[in-house]
Amino acid sequence: MSGGNHTPVVGVRERPGDLGAADARRILIETARDLRTARRALGISQAEAGKRAGLSQSQVSRLERGNVRHPKLEHVCRAIRAVGLVPSLQRYPGDVQVRDRAQLALLARFESLLAPPIRMRREIALPIPGDKRAWDGRLGDGTRTASIEGESRIDDCQALARRIELKTRDDPGAGPVILVVNRTNHNSAVLRAHRESLRAQFPLDGAAIARSLRRGEVPSASGIILL
């Protein structure tokens, strides 16, 4: 192939609403497949499935083809039950987080602690094609690097620690992870109750982290800082 100038492709982070719409399309397609498979395994017609579900044969047909743009959740659940399946819609913390004002302000307060030669880059994607996870920031001082995870509110420490552990596992360049937490009465109380259980994963406390940053040095270990 001949050389030439190529315009780099810049990744665009999708909006949560767009991701939700894509989730809905995927769930509808998967449900359509499962409805067909389960009905045929039972050896019943679409008309019989519809009778069991309290739906018409044409409604069942459209659901099996994924040909309902905005299906009623009740109709979908009725159709699923009619072929011997149990409906389930799981919800779990995602990796694409909504950046609210509190979190943006939190990251700005953290940046104010940095002294040269430390530099911080925002929104560092994990180096896995198609993976939408990202760190809130990446520090570098010319010698060491560290990743930044900002949290406006902590409710489940165990889930938070696990999420960070998985991101660290999947990003060889992550380095130590600095968990930056909004200083509120709620977050302070949660961390007081769980700090020691997080000690092995985040050994450094805020004072030690702040001293390193003000000296222009990236902390040598992971830690938690309240700001």
Side-chain angles (χ1 to χ4, degrees), residues 8-16 18-20 22-23 26 90-100 102-182 187 190-191 194-195 197-206 208-210 212-213 215-227:
V9 178
V10 179
V12 177
R13 186 173 291 278
E14 294 179 87
R15 295 177 298 178
D18 295 331
L19 294 171
D23 289 335
R26 173 180 54 79
Q90 294 181 328
R91 298 161 304 282
Y92 49 89
D95 295 299
V96 177
Q97 301 176 22
V98 177
R99 308 301 177 197
D100 57 20
Q103 189 169 29
L104 292 174
L106 172 64
L107 295 174
R109 292 197 299 275
F110 178 78
E111 278 194 277
S112 71
L113 298 176
L114 309 183
I118 298 179
R119 297 183 64 185
M120 177 173 164
R121 293 177 294 141
R122 296 281 190 98
E123 292 289 316
I124 305 299
L126 266 65
I128 301 174
D131 196 322
K132 294 181 172 61
R133 292 177 295 170
W135 299 104
D136 289 325
R138 176 72 50 82
L139 298 182
D141 62 8
T143 302
R144 291 194 295 259
T145 61
S147 296
I148 307 304
E149 194 78 348
E151 289 293 322
S152 297
R153 180 182 173 90
I154 297 179
D155 288 310
D156 188 334
C157 281
Q158 190 173 29
L160 173 61
R162 178 59 175 162
R163 189 183 81 216
I164 293 174
E165 180 183 32
L166 291 175
K167 288 170 72 172
T168 304
R169 179 200 67 185
D170 295 337
D171 184 0
V177 177
I178 307 303
L179 177 58
V180 185
V181 180
N182 196 24
N187 288 340
V190 171
L191 285 179
H194 298 279
R195 183 64 184 100
S197 67
L198 299 171
R199 182 70 62 183
Q201 186 175 357
F202 301 99
L204 294 183
D205 288 319
I209 294 169
S212 291
L213 298 177
R215 289 196 303 264
E217 299 173 356
V218 171
S220 58
S222 297
I224 302 175
I225 183 169
L226 275 162
L227 290 173

Backbone of [Y] reached by a side-chain donor or acceptor of [X] within 3.5 Å:
X	Y	answer
Ser152	Gln103	yes
Asp136	Gly150	yes
Ser212	Pro219	no
Arg109	Leu227	yes
Asp205	Gly223	no

Hey, which of Leu179, Val190, Asp155, Val181 is the one that makes side-chain contact (heavy atoms from CB on, under 4.5 Å) with Leu160? Leu179
Pick one: which of Asn182, Leu191, Ile224 meets side-chain contact (heavy atoms from CB on, under 4.5 Å) with Ile154? Leu191
Gap separating the [atom1] atom of [X] from the [atom2] atom of [Y], nearest 0.5 angstrom:
X	Y	atom1	atom2	value
Arg215	Leu114	CZ	CG	13.5 Å
Thr168	Arg163	OG1	CZ	11.0 Å
Gln201	Ile164	CD	CD1	6.5 Å
Leu113	Ile118	CG	CD1	9.5 Å
Trp135	Leu126	CH2	CG	7.0 Å
Leu107	Glu123	CG	CD	8.5 Å

Ignoring hydrogens, what is the shortest heavy-atom contact between [X] and [Y]? Give both atom names and the distance.
X	Y	answer
Asp170	Pro172	O-CD, 3.7 Å
Thr145	Pro176	O-CD, 3.2 Å
Ala125	Ala134	CA-CB, 3.9 Å
Ile124	Gly137	CG1-C, 4.1 Å
Arg153	Asn187	CA-OD1, 3.4 Å
Ile178	Ala146	CG1-CB, 4.5 Å

Is it true that Asp171 and Arg133 have a side-chain N and a carboxylate O under 4.0 angstrom from each other? no
More than 12 foreign heavy atoms under 6.0 Å from CZ of Arg119: is that the case here? no
With sequence neighbours left out, write down each residue that passes salt bridge (charged side-chain N to carboxylate O under 4.0 Å, His left out) with Arg121, or none if nothing qualifies. none
Going through the checks in order, is the side-chain contact (heavy atoms from CB on, under 4.5 Å) test met by Leu139 and Phe110? CA-CA 11 Å; Leu139 298 182; Phe110 178 78; 4.0 Å; yes
